[in-house]
J.: 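To start, I am sharing the structure in question, which I have written as structure tokens.
Counting begins at 1 with the first residue of the sequence.
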Amino acid sequence: YTLTADHPGSDLAAETAAALAAGYLAFKNSDTTYASKLLTAARSLYHFADTHHALYDHSIPDAHDSYPSSGFQDELCLGAAWLYWATGEATYQQKAIAALAKVGTDSPSFNWDEKAIACVVVLHGAEADGSLKKEEYAGYITTFLHKWRLGQGGVTIT
């Protein structure tokens, strides 16, 4: 299977960009050549995802029955957040914040299809200690965890 401009998949491409940007952070001090390749690929994939908006399971119909996608803004957020952490570039921070605003922070879910809270966690990690944004993200994370601990906001504890 291949994603192209004619058959895009913003969710799959952005999530792959996120993984590659995280890989860059893991290798930047031990293998700079490899880390550089990861970051270059992450930037390229993110640009593709952000330019050609569509759900991957529309381009890869065989995936729809097993792993249908409900949206791609959370993956765009996650990809941009990891790229922000990797590069420190404000453009990626702004893209992450814009995508997060579209999906919101109220969902009590974290799974293969819903990753808003993962984006918040990465943004929290990328921010400087003491920043107002870091405190805001910490509040979202705390609320998410309280929902799970207390069985609130649509979370059923069995």
J.: Give a yes or no on whether the backbone of Leu12 and the side-chain of Thr16 come within a donor-acceptor separation of less than 3.5 Å.
T.: yes
J.: Is there a donor-acceptor pair closer than 3.5 Å between any side-chain N or O of Ser10 and the backbone N or O of Leu55?
T.: no
J.: Using the test ring pair (Phe, Tyr, Trp, His ring centres under 6.0 Å), find all partners of His53 that sit at least two apart in sequence or belong to another chain.
T.: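 Checked His53 against ring pair (Phe, Tyr, Trp, His ring centres under 6.0 Å); matches are Phe72.
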J.: Over 60° means perpendicular and under 30° means parallel, so classify the ring planes of Trp148 and Phe144, tilted if in between.
T.: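 Tilted.
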J.: CD/Glu75 to NZ/Lys115 distance, rounded to the nearest 0.5 angstrom?
T.: 3.5 Å
J.: Within the 4.5 Å heavy-atom criterion, are Thr105 and Ile117 side-chain neighbours or not?
T.: no
J.: Not counting sequence neighbours, which residues clear side-chain hydrogen bond (donor to acceptor under 3.5 Å, both in side chains) with Ser70? List them please.
T.: Asp113
J.: Keeping the roles fixed (side chain from Asn111, backbone from Glu114), state whether a donor-acceptor pair exists under 3.5 Å.
T.: yes
J.: Identify, with sequence neighbours excluded, every residue that meets ring pair (Phe, Tyr, Trp, His ring centres under 6.0 Å) alongside His52.
T.: Phe48
J.: Answer yes or no: is there a donor N or O on one side and an acceptor on the other, between the side chain of Ser36 and the main chain of Thr33, under 3.5 Å?
T.: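 Not confirmed, Ser36 side chain does not pair with Thr33 backbone.
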J.: Does a side-chain heavy-atom distance below 4.5 Å link Tyr24 with Thr87?
T.: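 No - every pair of side-chain heavy atoms lies 4.5 Å or more apart.
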J.: Taking the side chain as every heavy atom from C-beta outward, state whether Arg43 and Tyr92 have any pair of such atoms under 4.5 Å apart.
T.: yes
J.: Answer yes or no: is there a side-chain heavy-atom contact under 4.5 Å between Thr2 and His7?
T.: no
J.: Where the side chain of Asp57 meets the backbone of Ala63, is there a donor-acceptor pair that is under 3.5 Å apart?
T.: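 A pair under 3.5 Å: no.
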J.: In the hydrophobic clustering that connects Ile, Leu, Val, Met, Phe, Trp and Tyr at side-chain heavy-atom distances below 4.5 Å, which members other than Leu132 occupy its cluster, ordered by chain and number?
T.: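 Reading the cluster by chain and number, Leu132 sits alone, since nothing else belongs.
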J.: Once you round to the nearest 0.5 Å, how far does NZ of Lys37 lie from CZ of Phe27?
T.: 12.5 Å
J.: Distance-only, no hydrogens or angles: does the Thr142 side chain make a donor-acceptor pair with backbone N or O of Ala138 under 3.5 Å?
T.: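 Confirmed, Thr142 side chain pairs with Ala138 backbone.
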J.: Of all residues at least two apart in sequence or in a different chain, which pass the side-chain hydrogen bond (donor to acceptor under 3.5 Å, both in side chains) check with Asp65?
T.: none
J.: Is any side-chain heavy atom of Glu89 closer than 4.5 Å to one of Leu83?
T.: no
J.: Any heavy-atom pair between the side chains of Ile97 and Gln93 that's under 4.5 Å?
T.: yes
J.: Does the side chain of Asp62 reach to within under 4.5 Å of the side chain of Tyr1, using non-hydrogen atoms?
T.: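 Side-chain contact under 4.5 Å: yes.
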J.: Under a 4.5 Å cut-off applied to non-hydrogen side-chain atoms, are Leu76 and Tyr46 in contact?
T.: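 They are in side-chain contact.
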J.: Distance check, rounded to the nearest 0.5 Å: Leu39 atom CG versus Leu20 atom CG?
T.: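 Between Leu39 CG and Leu20 CG, I get 9.5 Å after rounding to 0.5 Å.
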J.: According to the salt bridge (charged side-chain N to carboxylate O under 4.0 Å, His left out) rule, which pairs have a member within residues 134-148, sequence neighbours left out?
T.: Asp129-Lys134, Lys133-Glu136
J.: Take atom NE2 of His58 as the centre, draw a 6.0 Å sphere, and report whether it contains more than 12 heavy atoms from other residues, nucleotides or ligands.
T.: yes
J.: To the nearest 0.5 Å, what is the distance between OG1 (Thr51) and NE2 (His47)?
T.: 3.5 Å
